[in-house]
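One structure is given below, encoded as structure tokens.
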Amino acid sequence: MQWTSMVAIYGLFWVLSAFLVMPVGLRTPGDVKGHTVAKGHADSAPVNFRPRVIAARATVLALALFGLYYANYAEQWITVEDLNVFGRPPVQDLGY
């Protein structure tokens, strides 16, 4: 696998991980006692949004997921043939 492919796949894993870990630990104004919502702000907006923590969590999760992906790529634990649940197609040559 080329290093550019590895970077692109890791980037995809990182974005997916960021969306997965983003809601973890966030609290809304209703969860925080005594917090008032300023005029013009949504009631559901998080009070303790910390993008650096989210990025750190996403980086760790993406490293773990990419590590599993690369190990599967190198060892061929799960291949395309393993995922083919319908068997062989009825027509092999479509005449193109």
Considering only Ile, Leu, Val, Met, Phe, Trp and Tyr, and joining two whenever side-chain heavy atoms are under 4.5 Å apart, list the other residues clustered with Trp3.
-> Val7
For Phe49 and Leu26, the nearest pair of non-hydrogen atoms, with its separation, is CA-CD2, 3.9 Å
Would you call Trp14 and Leu63 a side-chain contact if the rule is heavy atoms closer than 4.5 Å?
-> no
Check: Thr79 main-chain N/O paired with Asp82 side-chain donor or acceptor under 3.5 Å = yes
Does Thr28 offer a backbone N or O that forms a donor-acceptor pair with the side chain of Asp31 under 3.5 Å?
-> yes
Partner residues of Gln2 under the side-chain hydrogen bond (donor to acceptor under 3.5 Å, both in side chains) criterion, sequence neighbours left out | none
Can you hop from Val53 to Val15 via hydrophobic side chains spaced under 4.5 Å?
-> no
Without swapping roles, check the side chain of Arg57 against the backbone of Val24 for a donor-acceptor pair under 3.5 Å.
-> yes
Answer yes if Tyr69 and Leu12 sit in the same cluster of Ile, Leu, Val, Met, Phe, Trp and Tyr residues linked by side chain heavy atoms under 4.5 Å apart, and no otherwise.
-> no
Considering non-hydrogen atoms only, spot the tightest contact between Pro29 and Val47 and give its length.
-> N-CG2, 3.5 Å
To the nearest 0.5 Å, atom OG1 of Thr4 lies from atom CD1 of Ile9 at 9.5 Å
Please walk me through it: do Asn84 and Val80 pass side chain to side chain contact (heavy atoms under 4.5 Å, CB included)?
-> CA-CA 6 Å; Asn84 186 5; Val80 175; 5.8 Å; no
Quick one: does Asn48's side chain have a donor or acceptor within less than 3.5 Å of a partner on Arg27's backbone?
-> yes
Scanning both residues in full, the closest heavy-atom pair of Met6 with Phe66 reads O-CE1, 3.7 Å
Determine whether Tyr73 and Leu68 fall in the same hydrophobic cluster, where Ile, Leu, Val, Met, Phe, Trp and Tyr are linked whenever their side-chain heavy atoms lie under 4.5 Å apart.
-> no
For Ser17 against Ala58, the heavy-atom pair lying closest together | CB-O, 3.6 Å
Test log, rule side chain to side chain contact (heavy atoms under 4.5 Å, CB included), inputs Phe13 and Leu61 = CA-CA 8 Å; Phe13 276 123; Leu61 182 59; over 6 Å; no
Could you check Thr59, Val60, Ile54 and say which one makes a side chain to side chain contact (heavy atoms under 4.5 Å, CB included) with Val21?
-> Ile54
